[in-house]
2 protein chains.
Amino acid sequence: MRRARATPGARPTLEDVARLAGVSVATASRVLSPGTREPKPDLRDRVLAAAGRLSYTPNANARAIARGGTDIAGVIVADISDPYFSEIAAGAMRVADEHGVLTTLADTRRDPRREIAYLSALHGQRARAVILVGSRVRDPEVNAELDRELAAYRAGGGRIAVVSQPRLDADTIAIDNRSGARALATGLYGLGYRRFAVLAGPRDLLTGSERLSGFRSGLAAAGVELGRGSVVYGEFTRDGAYAAATELFAASLRPDCVFAVNDVMAVGVMAAARDCGLNPPDGIGIAGFDDITTLRDVVPALTTVRIPLYEIGAEAMRRVLDPSTTPGVRRVRCEVVIRASTPRRSPEAR
Amino acid sequence: MRRARATPGARPTLEDVARLAGVSVATASRVLSPGTREPKPDLRDRVLAAAGRLSYTPNANARAIARGGTDIAGVIVADISDPYFSEIAAGAMRVADEHGVLTTLADTRRDPRREIAYLSALHGQRARAVILVGSRVRDPEVNAELDRELAAYRAGGGRIAVVSQPRLDADTIAIDNRSGARALATGLYGLGYRRFAVLAGPRDLLTGSERLSGFRSGLAAAGVELGRGSVVYGEFTRDGAYAAATELFAASLRPDCVFAVNDVMAVGVMAAARDCGLNPPDGIGIAGFDDITTLRDVVPALTTVRIPLYEIGAEAMRRVLDPSTTPGVRRVRCEVVIRASTPRRSPEAR
DNA sequence: CTGTTAGCGCATTCAC
DNA sequence: GTGAATGCGCTAACAG
């Protein structure tokens, strides 16, 4: 005899529904699982009614194990409270929703170790696809371990996409940080700026490095060099930038333009400039990167490099959800947007 | 004879590990499941080695069904790309992570129907707990359906918390919008403002309504009324506010202070004011609500009402994850923060 | 301490 | 078209 289904706090099962409807579990399953050829209307209705009366909700785990797969996609980001990531996540979740797949979002708090741990957890969940978004790092050990985890996940049929740098053995959407930064440098030079400083973010993050090196090469093409002391590393955050910029402004070299490798940092620079008695954009131009929506109305309007964040997230999700896409590297171009934070600098002011 | 485990693309199972290690599945399970009393070191090592060689990753779904529960928490937000929600989500995910539970985040795109659908999906996933973040609505039908789904979920042992208004039959963290807005009104009045306008967000969202009514009551206490035409409803977004404010400034009534019911909207108002030839904060004060981190450096600095977003998310997650908390309503106070966007208004200017 | 076995809830072959 | 039986991968009694 089977265990009585009297236990309160226990969820109704398919068997309960079938019993109440007076049919077999097979029939109940057929009614409740979309896709199968549905039973006769009268049985159908009875099953539906029974399910309704019981507030039956199919156990997705059981379904997953019976079918050997889930309709879950994972998105792993470095910091969801950073608009850069939340916009990408929004785009990805939008597409996932349109495909009827649920998204599990994980926040690594910028710890590569946690990135690996989450990927493994998602693998355990048998997520259909995972998107890794966030700067790659230099640490070879971390990369190796991540690659191993990636391989295992893919071996099991998981689809994966990476948004950032093509450093991993996976389908990746590469943001063209380098050429964007280079174009920005060229533009700023054209506006008359000559003495640059760069807030480059953490040393080991590729995103910052790429933007820095692109910027540098753009400058070099114009015959300008970044003097020593004019590149400052620090946290990828507003506060990190504020601190670094304060230090920068206290030093003797007087830049006429500061490039922060992302918008959030640029805002920190602007605050620091003000607190140092400067009055941006007078005498000091400030530029960022990303073109974060939330920051589009700051004054003076921020010169930056626009990245189609939302669309990138959407595209990444589309790729992992579509079985026919062949993994590869898709480069996304960025677009320089000159705004009021870097006004033309008159020659005599130099 | 059992099916050969040669199929490529198939994930290794516990049985594979056990066979390779030369032990029973039970032993393998014990080694691989933390918490159980571990077998002898030598067996232990063999199992671990086998698991490593196979890149074995436990099937969380099977584990869930065998144990009758998961370590997944759900967070349902209205719009993850809105800093308000992403900060709350960040706080919640932080706590979840500390408890070793994965977070499934869902974005309703401000559609209450989707909120219900996601709750149901999370229920199906047998998530341990779910947090609903976002304004409640008026629509009684939607509320009833949501309450029903909530009841079913809870009946199955799920824990639930709501962040916003105590409108649902569930543990809730209520943000004291009303008193926060009232205090803001008082403060603005004290600064010399007299002719107010309010951008109230969508009509059916409680969050906006509460802030509006609180503001109104604060004004009333000072003997000021909101004239007709000075309350404009619209989208809860920057663009919605921009449009509404533009309209407002085009009308004949000349407010000396605009209160937007959230910061993102306030930024839109500021942009609209500028585009209408006004020069905030000269002649026109602007205030928001939330004190979004990303916007803390805008100029002029935004007068607003601070809500401990991150902490609220963390607290909500703590509550649902801790079995001993008794459901109830926890009110969170807000704090008025006067900044440069609402400078003292000299009497003669009135 | 280790192995055997019976479910967990559901999808799905296979007979009827 | 419908039902009975099997198995998905794992955990937890229960034996040994």
Side-chain angles (χ1 to χ4, degrees), chain A residues 1-5 7 9-47 50-51 54 56-71 123-126 156-157, chain B residues 1-5 7 9-47 50-51 54 56-71 123-126 156-157:
Chain A
M1 179 185 166
R2 304 195 71 76
R3 180 164 59 83
R5 160 128 305 290
T7 335
R11 280 134 162 151
T13 73
L14 190 58
E15 190 184 337
D16 299 320
V17 175
R19 194 178 319 138
L20 182 57
V23 300
S24 72
V25 290
T27 302
S29 173
R30 288 182 184 112
V31 173
L32 267 14
S33 297
T36 359
R37 195 170 53 266
E38 292 176 359
K40 276 187 178 163
D42 56 322
L43 287 189
R44 207 186 92 88
D45 293 346
R46 270 160 52 200
V47 172
L54 262 37
Y56 171 72
T57 304
N59 185 324
N61 292 300
R63 188 171 276 185
I65 171 181
R67 280 207 293 234
T70 62
D71 269 324
H123 181 176
Q125 253 199 59
R126 297 302 182 258
Chain B
M1 180 186 169
R2 305 197 69 75
R3 179 164 61 83
R5 162 123 303 290
T7 335
R11 279 134 162 150
T13 73
L14 190 59
E15 190 185 335
D16 298 322
V17 175
R19 193 178 321 138
L20 182 58
V23 301
S24 71
V25 288
T27 301
S29 173
R30 289 183 183 109
V31 173
L32 266 14
S33 298
T36 358
R37 197 169 52 269
E38 291 176 0
K40 274 187 179 164
D42 54 324
L43 288 188
R44 208 185 93 85
D45 293 346
R46 270 161 52 199
V47 171
L54 261 35
Y56 171 72
T57 304
N59 186 325
N61 292 299
R63 185 171 282 184
I65 173 182
R67 280 209 289 234
T70 62
D71 268 325
H123 181 175
Q125 253 199 63
R126 297 301 183 262

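In what follows, chains are A, B, ... by sequence order, proteins preceding strands, each numbered from 1. Computed from a predicted structure; not experimentally measured.
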Per Val23(A) side chain, nearest of listed nucleotides dG3(D), dT2(C), dT2(D):
dG3(D)
Give the nucleotide from the list dT2(D), dC8(C), dC8(D) with an atom nearest to the side chain of Leu43(A).
dT2(D)
May I have the distance from [X] (atom [atom1]) to [N] (atom [atom2]), rounded to whole angstrom?
{"X": "Asp16(A)", "N": "dG9(C)", "atom1": "CG", "atom2": "C1'", "answer": "10 Å"}
{"X": "Asn59(A)", "N": "dC10(D)", "atom1": "CG", "atom2": "P", "answer": "16 Å"}
{"X": "Asn61(B)", "N": "dG7(D)", "atom1": "CG", "atom2": "C1'", "answer": "16 Å"}
{"X": "Ile65(B)", "N": "dG7(C)", "atom1": "CD1", "atom2": "P", "answer": "14 Å"}
{"X": "Arg19(B)", "N": "dG3(C)", "atom1": "CZ", "atom2": "P", "answer": "15 Å"}

Set of residues satisfying side chain to side chain contact (heavy atoms under 4.5 Å, CB included) with respect to Ala50(A), sequence neighbours excluded:
Val17(A), Leu20(A), Ala21(A)
Identify all side-chain donor-acceptor contacts of residues 23-35 of chain A below 3.5 Å with residues at least two apart in sequence or on another chain.
{"residue": "Ser24(A)", "atom": "OG", "partner": "Ala26(A)", "partner atom": "N", "Å": "3.4"}
{"residue": "Ser24(A)", "atom": "OG", "partner": "Thr27(A)", "partner atom": "N", "Å": "3.2"}
{"residue": "Ser24(A)", "atom": "OG", "partner": "Thr27(A)", "partner atom": "OG1", "Å": "3.3"}
{"residue": "Ser33(A)", "atom": "OG", "partner": "Ser29(A)", "partner atom": "O", "Å": "3.1"}

Comparing Asp42(A) with Ala60(B), nearest DNA chain D nucleotide closer to 5' gives the residue Asp42(A)
Mark up nucleotides 11-16 of chain D, 5' to 3', with B wherever a protein heavy atom is under 4.0 angstrom from a base atom, S wherever such an atom reaches only the sugar-phosphate, and - elsewhere.
BBB---
Residue pair Pro58(A) / Arg63(A): nearest heavy atoms and the distance that separates them:
CB-NH2, 3.5 Å
Qualifying residues under side chain to side chain donor-acceptor pair (under 3.5 Å), relative to [X], sequence neighbours excluded:
{"X": "Thr57(A)", "answer": "His123(B)"}
{"X": "Arg44(B)", "answer": "Glu38(B)"}
{"X": "Arg46(B)", "answer": "none"}

Need to verify one output field. Residue with the more 5' nearest nucleotide on DNA chain C, Ser24(B) or Ala28(A)?
Ser24(B)
CZ of Arg19(A) to CG of Leu54(A), rounded to nearest 0.5 Å, is 9.5 Å
Is the side chain of Asp16(B) donor-acceptor paired with the backbone N or O of Thr13(B) at a distance under 3.5 Å, no angle test?
yes
Examine distances only and state if a side-chain atom of Thr70(B) and a backbone atom of Arg126(B) form a donor-acceptor pair shorter than 3.5 Å.
yes
Angle separating the five-pair end axes of the helix from dC1(C)-dG16(D) to dC16(C)-dG1(D), nearest 10°, is 40°
